[in-house]
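Per chain, numbering begins at 1; letters A, B, ... match sequence-line order.
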Number of protein chains: 2
Amino acid sequence: MSEPIRLLLADDQALVRGALAALLELETDLTIVAQVGRGDEVLDAARETNAHVALLDVEMPGADGLTVAGILHRELPQCRSLIVTTFGRPGYLRRAMEAGASGFVVKDTPAAQLADAVRRVAQGLRVVDPALAAESLASGVSPLTQREAEVLRVAALGGTVGEIARELHLSQGTVRNHLSAAIGKTGARNRADAAAQAAANGWL
Amino acid sequence: MSEPIRLLLADDQALVRGALAALLELETDLTIVAQVGRGDEVLDAARETNAHVALLDVEMPGADGLTVAGILHRELPQCRSLIVTTFGRPGYLRRAMEAGASGFVVKDTPAAQLADAVRRVAQGLRVVDPALAAESLASGVSPLTQREAEVLRVAALGGTVGEIARELHLSQGTVRNHLSAAIGKTGARNRADAAAQAAANGWL
DNA sequence: TCCTGCCCGTGACATTTGTCACGTTCGCGG
DNA sequence: CCGCGAACGTGACAAATGTCACGGGCAGGA
């Protein structure tokens with residue numbers, strides 16, 4: 001019988017992190033070696049504890065889970081990433097896989113399946129919800145250019161064209177042109193709608 | 001030694017629900033008697049299992065946690081509610097307490113404190129984060145009328161004035177008037193900004 | 001009974017948004 | 001070297017948003 005799988009948990013919500021630790025420690029072949037609440041603490045903690053698998057929430061201070069998955073893939077490839085997220089957005093899934101994550105689990109998943117997902121990832125296998133994978137392929141690559149996405153992201157916060165222009169060091173006319181292009185590409189009625197659709201598709 | 005506290009868990013995310021169950025079942029004086037994923041299943045489940053305390057997420061299909069807390073308070077007052085939520089919004093806290101909840105915990109709380117919170121609620125005590133309570137009192141009652149809040153809520157979804165008017169069976173002019181009033185009362189620059197600020201203050 | 005506020009609506013007008021055409025510069029790939 | 005697309009910008013114009021004044025009906029409280 002081999003040694004237990006060493007797990008690192010990264011989630012900014014202490015309650016969720018502690019609860020996940022309690023759940024996973026019920027399994028005798030898993031052991032929690034670290035818990036962090038910020039993305040920028042994961043790499044060091046993974047190194048120091050020799051973690052085999054890192055469970056990463058997407059939205060964390062310091063660095064988001066997708067970025068951290070990329071960092072671990074490059075700098076500590078023996079520590080495999082399993083993304084655990086609230087939003088099963090197809091765009092998140094694509095970006096997670098592109099970043100080098102080994103698995104992607106949404107929080108609707110039955111609790112009993114999480115430990116199995118961890119074991120599969122530890123064995124070097126991929127764990128992806130098939131429905132999400134299909135949806136991800138269907139929604140396709142973002143039609144937005146990098147700048148259009150950036151302007152749309154800032155616009156989503158609710159400012160005026162003038163405020164967006166100041167923040168991004170552009171003219172108002174340029175901002176309007178980018179917004180108009182983004183509205184057209186997403187098939188939306190206005191910038192708020194475009195931002196919502198792009199976010200839902202994982203393009204922001 | 002008295003009998004264990006009977007707990008019902010209500011959260012639409014199976015993973016989080018299962019993890020919370022695992023965490024709380026580590027305590028010998030607590031026992032999980034039901035787990036539901038929809039707000040409209042809570043009352044029946046609480047009755048059938050004689051739950052002492054119900055842990056309620058806010059955002060659930062069927063009925064949100066705040067509504068359910070009100071229903072339990074009226075129809076099953078011996079089953080006390082403890083709201084467990086991601087967003088520590090002062091408006092949520094006020095509405096939870098007005099609805100009849102006994103406690104309010106955000107998911108940043110250390111996991112070890114959850115069991116203590118459950119025990120205190122079971123004893124008939126109140127559990128509220130003091131910082132959140134202060135913030136809630138500071139942000140005050142919503143300045144928006146019921147209709148203004150409703151128009152703003154629909155507007156936040158990104159539709160045009162025409163679409164909002166159709167959905168709420170109002171004229172476009174009336175919708176513009178309500179939006180303008182809401183923008184003024186929140187001190188925002190536009191409806192997107194107004195919706196964001198109202199949401200942050202718990203007024204939506 | 002009267003006053004107040006909410007809700008509804010219309011109309012006029014100023015401001016902002018969004019569209020479109022056009023042009024220049026730059027980087028990248030064939 | 002050339003073509004193409006992205007990024008930036010201007011200007012004109014139509015459509016939408018937001019503001020404001022005004023008025024009527026209704027419910028609730030003094």
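- Contact of the B/Arg191 side chain with the B/Val161 side chain is registered, since non-hydrogen atoms from C-beta on lie closer than 4.5 Å.
- Separating the CZ atom of B/Arg189 from the C1' atom of D/dT17 is a distance of 16 Å, rounded to the nearest angstrom.
- Judged by distance alone with a 3.5 Å cut-off, a donor-acceptor contact links the side chain of B/Asn177 to the base of D/dC20.
- Rounded to an integer number of Å, the gap from CD of A/Gln146 to P of D/dG5 is 18 Å.
- Contacts of B/Asn190 with the nucleic acid, taken as non-hydrogen atoms under 4.0 Å apart, involve only primed sugar atoms and P, OP1 or OP2.
- B/Arg147 comes within 4.0 angstrom of sugar-phosphate atoms only, judged by non-hydrogen atoms across all strands, and of no base.
- When rounded to the nearest whole Å, the span between CD1 of B/Ile183 and P of C/dA14 equals 19 Å.
- Note on B/His178: a side-chain N or O is less than 4.0 Å away from OP1 or OP2 of C/dC8.
- Atoms CD (B/Gln172) and C1' (C/dA12) sit 16 Å apart, rounded to a whole Å.
- Using a 4.0 Å heavy-atom criterion, one finds that B/Glu148 contacts no nucleic acid atom at all.
- Between the CZ atom of B/Arg176 and the C1' atom of C/dA12 there is a distance of 11 Å, rounded to whole Å.
- One atom, NZ of A/Lys185, and another, C1' of C/dT19, lie 15 Å apart when rounded to the nearest Å.
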Practice task
Check the pair A/Gln197, A/Asp193 against side chain to side chain donor-acceptor pair (under 3.5 Å), reporting the backbone distance first and the verdict last.
Solution key: CA-CA 6 Å; A/Gln197 293 193 35; A/Asp193 193 19; 3.3 Å; yes

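- A close approach under 4.0 Å does occur between a side-chain nitrogen or oxygen of A/Thr145 and OP1 or OP2 of D/dA7.
- Per the geometry, CG belonging to A/Asp193 stands 14 Å off C1' belonging to C/dG18, to the nearest Å.
- For A/Ser180, a side-chain nitrogen or oxygen approaches OP1 or OP2 of C/dT19 to under 4.0 Å.
- Contact check, A/Arg191 against C/dG18: a side-chain N or O comes under 4.0 Å of OP1 or OP2.
- The closest donor-acceptor contact from the side chain of B/Glu25 to the backbone of B/Ile32 lies under 3.5 Å.
- With B/Leu114 as the fixed residue, the side-chain contact (heavy atoms from CB on, under 4.5 Å) test singles out one of B/Thr109, B/Leu30, B/Leu55: B/Leu55.
- Here B/Thr174 reaches the OP1 or OP2 of C/dG9: one of its side-chain N or O atoms lies under 4.0 Å away.
- By the 4.5 Å heavy-atom criterion applied to side chains, B/Val151 and B/Leu168 are counted as neighbours.
- One finds no side-chain N or O of B/Ser171 lying less than 4.0 angstrom from the OP1 or OP2 phosphate oxygen of C/dC8.
- One atom, CD of A/Glu150, and another, P of D/dC8, lie 9 Å apart when rounded to the nearest Å.
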